[in-house]
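One structure is given here, and the rest of the page talks about it.
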Amino acid sequence: NRGDMKSIPAQIDDPQCVALPENCIDSGGFYLRGARPNVARAMDKDTAESAITNDEKNKERKISREVTYAINGGYNDDAFRLEYTRDAKDILS
């Protein structure tokens with residue numbers, strides 16, 4: 001809840017701890033919901049499972065590119081990002 005924070009952004013004494021497995025998803029989620037709510041809304045258009053049909057794959061690719069552009073200001077490595085997204089979906093579903 002950014003509104004309740006005493007310092008915006010909050011002071012992180014050990015920023016390297018954000019990269020620890022037990023913290024990285026929380027920090028990514030906080031970033032998306034707090035700093036980039038439009039990106040989170042774009043991600044919410046996607047499904048939890050990897051696309052199968054060509055129409056689903058095109059929609060998945062479009063969402064991935066939209067998110068990539070919104071975060072990076074370009075399409076840097078968008079094919080790899082889509083591949084990693086699909087890998088994560090396969091693991092989590």
Side-chain angles (χ1 to χ4, degrees):
N1 183 352
R2 276 185 85 100
D4 291 338
M5 295 172 91
K6 294 182 175 149
S7 174
I8 297 178
Q11 177 65 38
I12 300 174
D13 295 327
D14 296 317
Q16 68 277 9
C17 291
V18 172
L20 295 173
E22 60 269 23
N23 297 331
C24 65
I25 291 177
D26 288 341
S27 65
F30 178 82
Y31 170 75
L32 286 175
R33 292 294 180 193
R36 301 287 184 120
N38 292 337
V39 175
R41 281 192 282 279
M43 292 170 71
D44 287 343
K45 296 177 194 173
D46 203 1
T47 62
E49 295 82 27
S50 291
I52 297 171
T53 69
N54 284 337
D55 285 342
E56 290 171 344
K57 288 179 181 180
N58 287 334
K59 181 179 177 185
E60 185 179 58
R61 185 177 300 107
K62 181 180 175 186
I63 292 168
S64 180
R65 285 179 57 82
E66 181 181 347
V67 170
T68 296
Y69 188 85
I71 291 175
N72 298 310
Y75 299 108
N76 305 1
D77 295 324
D78 64 319
F80 288 117
R81 293 174 193 280
L82 176 58
E83 182 180 329
Y84 299 145
T85 298
R86 292 178 58 79
D87 288 346
K89 287 178 175 186
D90 291 342
I91 292 167
L92 297 172
S93 64

Taking the side chain from R86 and the backbone from A51, do they hold a donor-acceptor pair closer than 3.5 Å? yes

Is the shortest distance from a Lys or Arg side-chain nitrogen in R33 or D44 to a carboxylate oxygen in the other one below 4.0 Å? yes

Side-chain H-bond candidate by donor/acceptor type, D90 with S50, under 3.5 Å: yes

State yes or no: do M43 and I63 share one hydrophobic cluster built from I, L, V, M, F, W and Y residues joined by side-chain heavy-atom distances below 4.5 Å, directly or via other members? yes

Under the 6.0 Å and 45° cation-pi test, does R36 pair with Y31? no

Keeping K59 on the side-chain end and N54 on the backbone end, is there a donor-acceptor pair under 3.5 Å? no

Separation between CG (D77) and CG (L82), nearest 0.5 Å, reads 12.5 Å

Run the side-chain contact (heavy atoms from CB on, under 4.5 Å) test on V67 and R81 for me, step by step, so that the C-alpha distance in whole Å, both residues' side-chain angles and the decisive distance to 0.1 Å come before the verdict. CA-CA 10 Å; V67 170; R81 293 174 193 280; over 6 Å; no

How long is the straight-line distance from CD1 of I71 back to CG of L32, given to the nearest 0.5 Å? 5.5 Å

Donor-acceptor under 3.5 Å (T68 side chain, S64 main chain): yes

Side chain to side chain, K62 and K45, heavy atoms closer than 4.5 Å: no

Shortest non-hydrogen contact from A70 to V39? CB-CG2, 3.4 Å

Which heavy-atom pair separates A48 from S93 by the least distance, and what is that distance? O-CB, 3.9 Å

Using a 3.5 Å distance criterion without hydrogens, assess whether the side chain of E56 forms a donor-acceptor pair with backbone atoms of I52. yes

Sidechain-backbone polar pair: N23 side chain, C17 backbone, donor-acceptor under 3.5 Å: yes

Show the nearest heavy-atom pair for residues E60 and K89, with the distance to one decimal. OE2-NZ, 2.6 Å

